[in-house]
Amino acid sequence: MSEEKSLNFLEEIIEEDLKNNTHQGRVHTRFPPEPNGYLHIGHAKSICVNFGLAQKYNGKCNLRFDDTNPSTEETAYVESIKTDIEWLGFKWDHEYYTSDYFGTLYQYAQQLILKGLAYVDDSTAEEMATLKGTPTTVGVNSPYRNRSIEENAQLFEEMRAGKYPDGAKVLRAKIDMKHDNMLMRDPVIYRIKHAHHHRTGDAWCIYPMYDFAHGQSDSIEEITHSICTMEFIPHRELYDWLIEKLEIFPSHQYEFARGNVSYMVTSKRRLLQLVKENHVAGWDDPRMPTISGLRRRGYTPASIRTFWEHVGVAKRDNTIDINLLEFYIREELNKVALRRMAVLDPIKLIINNLDEHESISLQAENNHEVENAGERTISFSKNLWIERDDFMENPPNKYFRLGPGLKVRLKHAFIIACTHFTKDQNGQITEVYADYYPESKSGQDTSGIKVKGVIHWLDASSAKQAEVRLYDRLFTVEDPTSETGDFKDYINPNSLTIIQNAWIEPALTSASLEDKFQFLRLGYFCKDRNSTNEHIIFNRTVGLKDSWAKEVKKG
RNA sequence: UGCCUGAUGGUGUAAAGGUAGCACAGCAGUUUUUGGUACUGUUAGUCUUGGUUCGAAUCCAGGUCGGGUAACCA
């Protein structure tokens, strides 16, 4: 089989540059988060693209915090972002902050003023908005547009010195108020903000705007390929204009389509709302699409990387089916997760032909997908727990589990035959009775009995209790933001089901936070960070594929 | 309405003028001591109208539809 992986458009650009020796064979990218929120699944794509490209082409990737707006940014976010990137498995070449360049950026602004390409404007925000025009009507020059170079230089210096209050003046690039691209209509490049900055403290009271910081920072770091999402396309013209006028290193911007995933929302505003209004338990709630949420949910870094790698990079709008993400986490967990048994909704199973104090030791494989995964010892005795779902009073034809007169195998143990059962006055099954076949022991079955079904179970005398949290998608519709009404109207009321008293294998009590488990026939689980020795909590990462459920649904 | 983008099965993504392929999902089956996994088979696609060409998903022109864009946010 020839593994001929085609290149995405960014790889094509880079390979073309490499061929033409555009940057002396250098590939240098950067990941530029703003430290004002937590990273989510969409950022993970950008991280995979930027760090991935650098890796593939033997280049470098910087981490640069785009911290030009002191009123929204915090050091706490810086830490969470770094944690998440490292967890995803990437290493940055340098850790930079746009605020490191405030001095240089200030000088760049002065140069622009000296070239007659920037001016100080006293207009209010409203006045500027009016003068700016609309996409279909051209803008009008500000009355301050023709101030002399000397006056502009003087005023800008005074802005920096703190002579004016917030909003009193801005520095604008002098481009063209009639430009088709709204961003070229004399964009604001510096504004006054008497705010404490998380890194520079009170050293500055003027801060550069994104457009006067990002491209210049790329240039300072000699970034060869500045890769961002499609909504920045209109900014590229300004990006290039500034680099040209400033005569600095010609970084270039390339845009790809952000990756959307069905049943998830990723806008910072909406995520913040979910947290603030307590629809979820925090930024790392396992239902959140944040990296920290996915981590707590039990997703692995590799599964997220593989997911984005297979999704690919292109320029068209897209919504990726959440099934694909779930496929990749299942694929990985199937190979690494230790198999254990747990009973979430128990009914008692009593073995008729076993004495009360009898106990049989059995060996159970930890993961038969992997050699050397080892075995553990489990016990089998008279009183067992089985899943309520695994017994039916009047089972349909293709039901391969337990029912009156039916036989099944208890995983890793014996074949049993149901003799009778009891119900309470509400018609709820309370106890199921069965005979076991001693000669049908798992691995050394000489009984000759064939059964189609295998169910999981727990020895009631040794099982431990735990809390199990079953997570489902947070929303009931693929794209809650495109529906009528508020996106929160579409929150899935069943996104979290808490089972307070589930039964688990004793071996599970010593689980670590990093361990991944498959609860046989139920799904993949991991221990929650809020677990204590007395109270263990397991989170369901994702269920197993369930073709029986599908069958039932079809009727 | 201006400018910028984009359009390939249900979803995502390939095919650089020459057999429309891959993955997920779906469906059918084989295997199975997890109704899991693995394996096999299978359904289904080039937005539209013209043009260029022996030949067009690809090139050209018009149209249609989607997305972005009018913060002292990034």
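Computed from a predicted model, the values in this text were never measured in an experiment. Just so it is clear: chains get the letters A, B, ... in the order the sequence lines come, proteins before strands, and each one is counted from 1.
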J.: Quick one about A/Arg258 and A/Asn318 (side-chain donor to acceptor, distance below 3.5 Å, no hydrogens or angles considered), yes or no?
T.: no

J.: Mind checking A/Arg330 for me? I need base, sugar-phosphate or nothing, with any heavy atom below 4.0 Å counting as a touch.
T.: nothing

J.: Which part of the nucleic acid does A/Lys178 contact within heavy-atom distance under 4.0 Å: base, sugar-phosphate only, or nothing?
T.: nothing

J.: Quickly, which of A/His252, A/Glu255, A/Arg30, A/Gln253 forms a side chain to side chain donor-acceptor pair (under 3.5 Å) with A/Ser226? Name it, please.
T.: A/Arg30

J.: With a non-hydrogen cut-off below 4.0 angstrom, is A/Ser442 in contact with a base, only sugar-phosphate, or nothing?
T.: base

J.: Check every strand shown and say whether A/Tyr399 touches a base, only sugar-phosphate, or nothing at a heavy-atom separation below 4.0 Å.
T.: base

J.: Roughly how many Å apart are B/rA44 and B/rG6, using the P atom of each and rounding to a whole number?
T.: 31 Å

J.: Salt-bridge test for A/Glu157 and A/Arg160: reply yes if a basic N is under 4.0 Å from a carboxylate O, no otherwise.
T.: no

J.: Could you work out the separation of B/rA57 and B/rC47 based on their P atoms and round it to a whole Å?
T.: 10 Å

J.: Is A/His368 touching bases, backbone alone, or none of the nucleic acid, heavy atoms closer than 4.0 Å?
T.: base

J.: Checking base pairs now: Watson-Crick or wobble, both atom distances under 3.5 Å. What partners B/rU31?
T.: none

J.: Scan A/Thr68 against the nucleic acid and name what it touches under 4.0 Å (heavy atoms): base, sugar-phosphate only, or nothing.
T.: sugar-phosphate

J.: So, are A/Lys169 and A/Glu158 salt-bridged, with charged N and O less than 4.0 Å apart?
T.: no

J.: Would you indicate what A/Thr98 reaches in the nucleic acid, counting non-hydrogen atoms under 4.0 angstrom: base, sugar-phosphate, or nothing?
T.: nothing

J.: Please check if the number of heavy atoms outside A/Lys174 that lie under 6.0 Å from its NZ is greater than 12.
T.: yes

J.: Check A/Arg64 with A/Glu221, please: is the shortest side-chain N to carboxylate O separation under 4.0 Å?
T.: yes

J.: Please classify the nucleic acid contact of A/Asn181 as base, sugar-phosphate, or nothing, using heavy-atom distances under 4.0 Å.
T.: nothing

J.: At a heavy-atom distance below 4.0 Å, which nucleotide of RNA chain B is the first touched by chain A, and which is the last?
T.: B/rU1 to B/rA74

J.: Using a heavy-atom cut-off of 4.0 Å across all strands, would you classify A/Ala314 as base, sugar-phosphate, or nothing?
T.: sugar-phosphate

J.: Could you tell me whether A/Glu231 contacts a base, only the sugar-phosphate backbone, or nothing, with contacts defined as non-hydrogen atoms closer than 4.0 Å?
T.: sugar-phosphate

J.: Paired with B/rC24 by Watson-Crick or G-U wobble geometry, both distances under 3.5 Å: which nucleotide is it?
T.: B/rG10

J.: Determine the contact category for A/Lys550: base if any of its heavy atoms lies under 4.0 Å from a base atom, sugar-phosphate if only primed atoms, P, OP1 or OP2 are that close, otherwise nothing.
T.: sugar-phosphate

J.: Regarding A/Leu324, tell me which of base, sugar-phosphate or nothing describes its non-hydrogen contacts under 4.0 Å with the strands shown.
T.: sugar-phosphate

J.: Checking base pairs now: Watson-Crick or wobble, both atom distances under 3.5 Å. What partners B/rG66?
T.: B/rU5

J.: Considering every strand shown, what is the Watson-Crick or G-U wobble mate of B/rA16 when both distances are under 3.5 Å?
T.: none

J.: So, A/Asp121 and A/Arg147, do they make that salt bridge, N to O below 4.0 Å?
T.: no

J.: Taking a pair as Watson-Crick or G-U wobble with both distances under 3.5 Å, which nucleotide is matched to B/rG45?
T.: none

J.: Considering every strand and a 4.0 Å limit on heavy-atom distances, what is the contact class for A/Val138: base, sugar-phosphate, or nothing?
T.: nothing

J.: Identify whether the distance between the nearest side-chain nitrogen and carboxylate oxygen of A/Arg191 and A/Asp166 falls below 4.0 Å.
T.: no

J.: Here's a test of your reading of the structure: between A/Ala413 and A/Met230, which maps to the more 5' nucleotide of RNA chain B?
T.: A/Met230

J.: Tell me what A/His412 touches on the nucleic acid: a base, only sugar-phosphate, or nothing, going by heavy atoms under 4.0 Å.
T.: base

J.: Of A/Asn334 and A/Val311, whose nearest nucleotide on RNA chain B comes first from the 5' end?
T.: A/Val311

J.: Is there a Watson-Crick or G-U wobble partner for B/rA71 with both distances under 3.5 Å, and if so, which one is it?
T.: none

